[in-house]
Enquirer: 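The following block contains the structure, expressed as structure tokens.
Worth knowing before you read on, the calculation uses all heavy atoms, side chains too, and leaves out hydrogens, waters and symmetry mates.
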Amino acid sequence: MAAPTDEQRRAVALAASGRDGAIVARAGAGKTFTLEAAAHATAPTPATLLAFNRSIAREARARVPRHVHATTLHALAFRAVVAADARLRAKFERAVAGPGPAAYAALFDLDAGAAGTARHVAHLRAVLRTFAASADPTPTARHVPPALATRLARELGPERAEVRTTWLARRAARAWDRILDPEDPAPLDHDAYLKAFALRGGPVPGELLLIDEAQDLAPVMVALLEAQSAVRLWVGDPAQRIYAFRGAIDAMAASDAPQVHLTRSFRFGPAVAEVARRVLAVVTADPRLHGAGPDGAVLDADDPVPTGARTVLCRSGAGVLAAALRHADGGVHVVGGVEGVVAELRAAHALWAARHARPRAGGPRVAGLATWDDVVRAGEDGDAELRTLRRLVERYGTDTPAVARALANAHTRRERDAATVVATIHRAKGREWDHVALGPDLPRVATSRAAVRRAADPEAARGEANLAYVAVTRARRTLDVRDAREEVRALLLGGGG
């Protein structure tokens with residue numbers, strides 16, 4: 001291993017101290033290298049490195065010493081809850097297969113053919129998702145998502161909305177009991193088996209837990225990890241917290257553990273670092289970040305377009321679709337693939353074209369919903385993916401099938417073969433590219449911490465600034481902001497007020 005920096009040595013010393021701690025690692029600041037150094041420094045103490053996803057865990061296993069087990073919480077939960085019981089494996093396989101509307105109606109003890117059932121199912125599934133992410137032992141009225149609660153109050157009035165909320169909580173609680181019952185056919189999905197694992201208290205093996213991406217953990221994960229007797233080292237970057245809309249919390253701040261900071265980025269040089277600091281200053285009182293990577297540049301309107309492959313980062317699914325179509329002639333790769341969005345576009349268009357007519361059995365369905373009204377309501381009730389899908393179909397209208405076909409034809413399966421890579425900022429998390437361009441759909445970002453505090457929804461304003469920070473710090477050499485909206489460019493280039 002290369003020699004660590006002074007900051008990294010302090011982080012490794014904290015890991016070996018035998019007490020809980022937190023490493024605040026700015027983008028590109030050698031977090032992976034530091035975790036590897038911490039793993040070596042704590043030998044032979046049995047340790048578990050908890051990665052954000054399977055691919056990161058797989059890469060970590062090739063680097064860390066043998067006394068460290070690199071995995072994910074979901075993998076631990078699957079082995080403990082699902083793999084050991086054939087009945088639960090069957091329930092999980094039903095969930096993976098994608099239960100249809102009738103199965104969900106049965107789960108919630110509803111009449112599949114009755115008017116309003118699809119809407120009730122969507123609401124109840126939202127309650128279960130919120131509950132599964134929480135640290136709570138059973139579904140209650142507080143697990144009704146805020147957007148849904150607001151909509152119910154507006155449509156039904158306060159008294160009837162309270163009655164509906166109580167009804168949703170009771171139905172969700174009964175459904176949860178069925179999901180946990182090995183003898184019941186109710187499907188057991190990823191969220192459910194992780195929740196079941198947490199309710200059992202784990203355990204998570206090891207005397208030391210190295211917890212990556214700790215700024216974006218669901219409360220259920222935090223509660224599970226805090227219940228362990230092991231020493232916990234929380235690692236992440238609060239400015240890259242981009243899943244608060246799903247209920248994720250910053251475990252580093254919540255733990256109140258001693259912190260060390262990694263502020264020297266080896267990913268990019270001073271030019272990109274200067275832009276990143278401007279965004280950091282919006283979300284933190286400590287915007288330290290030093291560019292120690294390759295020299296680069298920030299490109300605006302009068303600068304030449306760099307040659308060679310580049311990556312376009314977008315805020316929304318609609319932005320990804322527009323960028324992919326714009327760059328289709330040169331070969332485009334969409335991170336995460338296009339098969340799912342193409343299938344959903346086609347199915348959603350069929351529902352849109354039929355409008356309010358219920359299709360025959362076996363007809364097109366989107367997320368288990370059978371009519372366009374169902375799709376609209378689910379989006380309005382807080383399902384962000386369906387809201388994006390609705391916008392795409394309404395934008396392209398009768399051209400939607402042609403758009404889906406063009407996207408499928410243009411997509412290059414292997415990223416390295418494409419002239420242009422397109423991704424949402426969420427999917428770009430943890431990635432980096434030489435040349436990054438910002439799409440035009442990044443929303444206006446607050447220009448100061450005071451502006452965040454004054455915002456109608458400070459948490460949402462902070463989240464948008466975090467997304468902007470994640471986007472600009474994916475660039476290794478050039479960051480192209482020419483297509484970003486004027487307010488975003490003003491902040492990034494130093495003209496924000």
Side-chain angles (χ1 to χ4, degrees), residues 27-28 53 55-56 59 266-269 271-272 275-276 291 293-346 388 392 395-396 399-442 467-485 488-489 492-493:
N53 57 40
S55 63
I56 295 174
E59 292 171 5
F266 303 94
R267 177 178 298 161
F268 43 74
V272 174
V275 171
D295 288 337
V298 178
L299 308 179
D300 199 14
D302 296 330
D303 296 307
V305 179
T307 58
R310 69 171 183 161
T311 298
V312 180
L313 299 183
C314 305
R315 174 64 179 87
S316 65
V320 166
L321 180 58
L325 294 173
R326 176 182 175 186
H327 297 284
D329 289 345
V332 64
H333 174 85
V334 177
V335 174
V338 299
E339 293 83 0
V341 69
V342 165
E344 288 184 343
L345 275 174
R346 288 169 173 160
T388 296
L392 290 173
R395 174 179 178 181
Y396 291 104
D399 292 331
T400 301
V403 168
R405 185 165 56 252
L407 181 60
N409 292 338
H411 187 251
T412 300
R413 189 168 296 276
R414 295 191 302 180
E415 183 174 320
R416 65 178 180 270
D417 294 334
T420 302
V421 175
V422 182
T424 62
I425 301 171
H426 284 91
R427 285 195 176 272
K429 180 76 168 61
R431 301 287 306 277
E432 57 185 56
W433 295 272
D434 281 344
H435 306 293
V436 170
L438 302 184
D441 65 336
L442 271 72
L467 277 168
Y469 169 72
V470 170
V472 301
T473 56
R474 300 310 95 192
R476 284 190 292 248
R477 293 192 175 276
T478 62
L479 174 66
D480 189 342
V481 303
R482 76 187 73 224
D483 288 336
R485 58 187 297 171
V488 175
R489 290 172 52 247
L492 302 183
L493 300 176

Enquirer: Keeping the roles fixed (side chain from H411, backbone from H333), state whether a donor-acceptor pair exists under 3.5 Å.
Expert: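 Not confirmed, H411 side chain does not pair with H333 backbone.
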Enquirer: Is the shortest side-chain heavy-atom distance between V472 and L492 below 4.5 Å?
Expert: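 Yes, at least one pair of side-chain atoms sits under 4.5 Å.
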Enquirer: Which residues pass the ring-ring contact (aromatic ring centres under 6.0 Å, His included) test with H327, not counting sequence neighbours?
Expert: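 Scan of H327 (ring-ring contact (aromatic ring centres under 6.0 Å, His included), adjacent residues dropped) gives none.
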Enquirer: Check whether any side-chain heavy atom of R474 sits under 4.5 Å from a side-chain heavy atom of T311, and report yes or no.
Expert: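 They are not in side-chain contact.
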Enquirer: Which value, rounded to the nearest 0.5 Å, describes the distance between L392 atom CG and S316 atom OG?
Expert: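 Output value for this atom pair is 7.5 Å.
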Enquirer: How far apart are the C-alpha atoms of T478 and H435, what are their side-chain angles, what is the distance that settles it, and do they pass the side chain to side chain donor-acceptor pair (under 3.5 Å) test?
Expert: CA-CA 5 Å; T478 62; H435 306 293; 2.7 Å; yes
Enquirer: Restricting to pairs with a member in residues 415-424, which pass side-chain hydrogen bond (donor to acceptor under 3.5 Å, both in side chains), not counting sequence neighbours?
Expert: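 As it turns out, the side-chain hydrogen bond (donor to acceptor under 3.5 Å, both in side chains) pairs with a partner in residues 415-424, which skip direct neighbours, are R414-D417, E415-R431, E415-W433.
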Enquirer: Can you give me the closest heavy-atom contact between A423 and V320, atom names plus distance?
Expert: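 Answer, listing the atom of A423 first, then V320: C-CG2, 3.8 Å.
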Enquirer: Using the side-chain contact (heavy atoms from CB on, under 4.5 Å) rule, pick out the option among D434, V272, D295 that qualifies with R477.
Expert: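 With R477 as partner, side-chain contact (heavy atoms from CB on, under 4.5 Å) holds for just one option, D434.
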Enquirer: Can you tell if the side chain of L438 reaches within under 4.5 Å of the side chain of L479, non-hydrogen atoms only?
Expert: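 Sidechains of L479 and L438: in contact.
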Enquirer: Please check: side-chain N/O of R267 versus main-chain N/O of T473, any donor-acceptor pairing under 3.5 Å?
Expert: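 The answer is yes, because a donor-acceptor pair under 3.5 Å joins these two groups.
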Enquirer: Please report the closest heavy-atom contact between V332 and A324, naming both atoms and the distance.
Expert: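 Where V332 meets A324 most closely, the heavy atoms are CG1-O, 3.7 Å.
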Enquirer: What's the separation between atom CZ in R315 and atom NE2 in H426, rounded to the nearest 0.5 Å?
Expert: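 That separation rounds to 5.5 Å.
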Enquirer: State plainly whether the residues R489 and D300 are in salt-bridge range, i.e. N to O under 4.0 Å.
Expert: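 A salt bridge links R489 with D300.
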Enquirer: In Å, rounded to the nearest 0.5 Å, how long is the span from CG of L321 to OH of Y396?
Expert: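 Separation between the atoms: 4.5 Å.
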Enquirer: How long is the span from the CG atom in D483 to the CG atom in L299, to the nearest 0.5 Å?
Expert: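 Here the interatomic distance stands at 11.5 Å.
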Enquirer: Locate the shortest heavy-atom distance separating A271 from A297; write the atom from each residue and the value.
Expert: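 The pair with the smallest heavy-atom distance is CB-CA, 4.2 Å.
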Enquirer: Can you name the residues that form a side chain to side chain contact (heavy atoms under 4.5 Å, CB included) with R485, not counting sequence neighbours?
Expert: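 With neighbours one apart ignored, the set is R444, E487, V488.
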Enquirer: Considering non-hydrogen atoms only, spot the tightest contact between A419 and G330 and give its length.
Expert: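 Closest approach of A419 to G330, heavy atoms only: CB-O, 3.3 Å.
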Enquirer: Of all heavy-atom pairs between R427 and G336, which one has the smallest distance, and what is that distance?
Expert: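 In this case the closest contact between R427 and G336 is NH1-CA, 3.7 Å.
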Enquirer: Give me the atom names and distance for the closest heavy-atom approach of V422 to C314.
Expert: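 Minimum heavy-atom separation between V422 and C314: CG1-SG, 4.3 Å.
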Enquirer: If the test is side-chain contact (heavy atoms from CB on, under 4.5 Å), which one of L313, I425, L467 qualifies with L442?
Expert: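 By the side-chain contact (heavy atoms from CB on, under 4.5 Å) criterion, L442 pairs with just one of L313, I425, L467: I425.
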